[in-house]
**Q** 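Take this structure, written in structure tokens, and hold onto it; I'll ask about it next.
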Amino acid sequence: PSDNQNSNALQDKAVTASGRMAAPYVSVAVDPSVIQLGADVLVDYGDGEIYYYRADDTGPKGNHIDLCVSSHEEALRLGVQTATVYWVED
């Protein structure tokens with residue numbers, strides 16, 4: 001499946017809803033009614049590359065994912081981006 005989703009960067013240093021520790025540039029938070037926890041998430045920001053993440057946490061609602069990054073400042077710098085999001089369900 002794929003969808004155009006807003007991608008909002010955020011920092012998280014806690015245990016996620018999946019039980020894993022949040023990992024910068026690996027973990028994303030998702031709405032589990034759209035993307036199941038543990039799913040492989042592939043994001044196309046339109047720069048010619050596809051980025052691989054893992055659905056580790058919950059929080060956003062609907063067509064929105066939150067990317068775990070290293071700091072609050074980095075999250076502010078990245079801001080909100082629109083991207084095409086693909087995911088692999090088990």
Side-chain angles (χ1 to χ4, degrees):
S2 72
D3 205 345
N4 284 326
Q5 301 200 3
N6 287 326
S7 175
N8 184 25
L10 62 89
Q11 177 189 14
D12 190 359
K13 294 188 178 190
V15 175
T16 64
S18 68
R20 294 185 168 117
M21 292 296 292
Y25 290 98
V26 174
S27 300
V28 291
V30 300
D31 179 341
S33 72
V34 177
I35 300 173
Q36 70 183 13
L37 282 177
D40 293 328
V41 179
L42 305 171
V43 179
D44 180 355
Y45 294 104
D47 62 358
E49 294 191 39
I50 302 293
Y51 297 84
Y52 168 84
Y53 306 115
R54 185 179 59 223
D56 284 342
D57 206 7
T58 61
K61 300 296 180 204
N63 294 339
H64 180 94
I65 63 172
D66 287 337
L67 172 62
C68 178
V69 296
S70 298
S71 70
H72 180 73
E73 292 76 21
E74 185 175 8
L76 292 175
R77 182 181 60 76
L78 291 171
V80 176
Q81 301 177 32
T82 299
T84 301
V85 177
Y86 305 90
W87 61 95
V88 179
E89 298 176 350
D90 289 336

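Along the sequence shown, residues are numbered consecutively beginning with 1.
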**Q** Does the side chain of V43 reach to within under 4.5 Å of the side chain of L67, using non-hydrogen atoms?
**A**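 Contact flag for V43/L67 side chains = no.
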**Q** Grab the two heavy atoms, one from A17 and one from T58, that are nearest each other, plus how far apart they are.
**A**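 Shortest heavy-atom separation between A17 and T58 comes out as CB-OG1, 3.9 Å.
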**Q** Show the nearest heavy-atom pair for residues D56 and S27, with the distance to one decimal.
**A**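 Answer, listing the atom of D56 first, then S27: OD2-OG, 2.7 Å.
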**Q** For residues V26 and L78: do they belong to one hydrophobic cluster (side chain heavy atoms under 4.5 Å, members Ile, Leu, Val, Met, Phe, Trp, Tyr)?
**A**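 Result: no, two separate clusters.
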**Q** Does the side chain of Y51 come within less than 4.5 Å of L42's, by heavy atoms?
**A**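 The answer is no; the side chains never approach within 4.5 Å.
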**Q** Once side chain to side chain donor-acceptor pair (under 3.5 Å) is applied, do any residues pair with D44, and if so which ones, sequence neighbours excluded?
**A**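 Side chain to side chain donor-acceptor pair (under 3.5 Å) check on D44 returns nothing, list empty.
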**Q** Could you measure the distance from the NE2 atom of H64 to the OG1 atom of T82? Nearest 0.5 Å is fine.
**A**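 H64 atom NE2 to T82 atom OG1 measures 10.5 Å (nearest 0.5 Å).
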**Q** Working to the nearest 0.5 angstrom, can you tell me the gap between D66 CG and D57 CG?
**A**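 One gets 9.0 Å once the value is rounded to the nearest 0.5 Å.
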**Q** I'd like to check M21 versus V15 (side-chain heavy atoms, cut-off strictly below 4.5 Å). Are they in contact?
**A**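 Side-chain contact under 4.5 Å: yes.
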**Q** Show your reasoning for whether side-chain contact (heavy atoms from CB on, under 4.5 Å) applies to W87 and D40.
**A** CA-CA 5 Å; W87 61 95; D40 293 328; over 6 Å; no
**Q** Say you draw a straight line from CD1 of I50 to OG1 of T84; how long is it, rounded to the nearest 0.5 Å?
**A**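 One finds 8.0 Å between CD1 of I50 and OG1 of T84.
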**Q** Can you tell me how far apart CD1 (I35) and OH (Y53) are? Round to the nearest 0.5 Å.
**A**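 OH of Y53 is found 12.5 Å from CD1 of I35.
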**Q** Of all heavy-atom pairs between R54 and G38, which one has the smallest distance, and what is that distance?
**A**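 Smallest interatomic distance, heavy atoms only, reads CG-O, 4.4 Å.
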**Q** Which heavy atom of D31 sits nearest a heavy atom of P60, and at what distance?
**A**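 D31 and P60 have their closest heavy atoms at CB-O, 3.2 Å.
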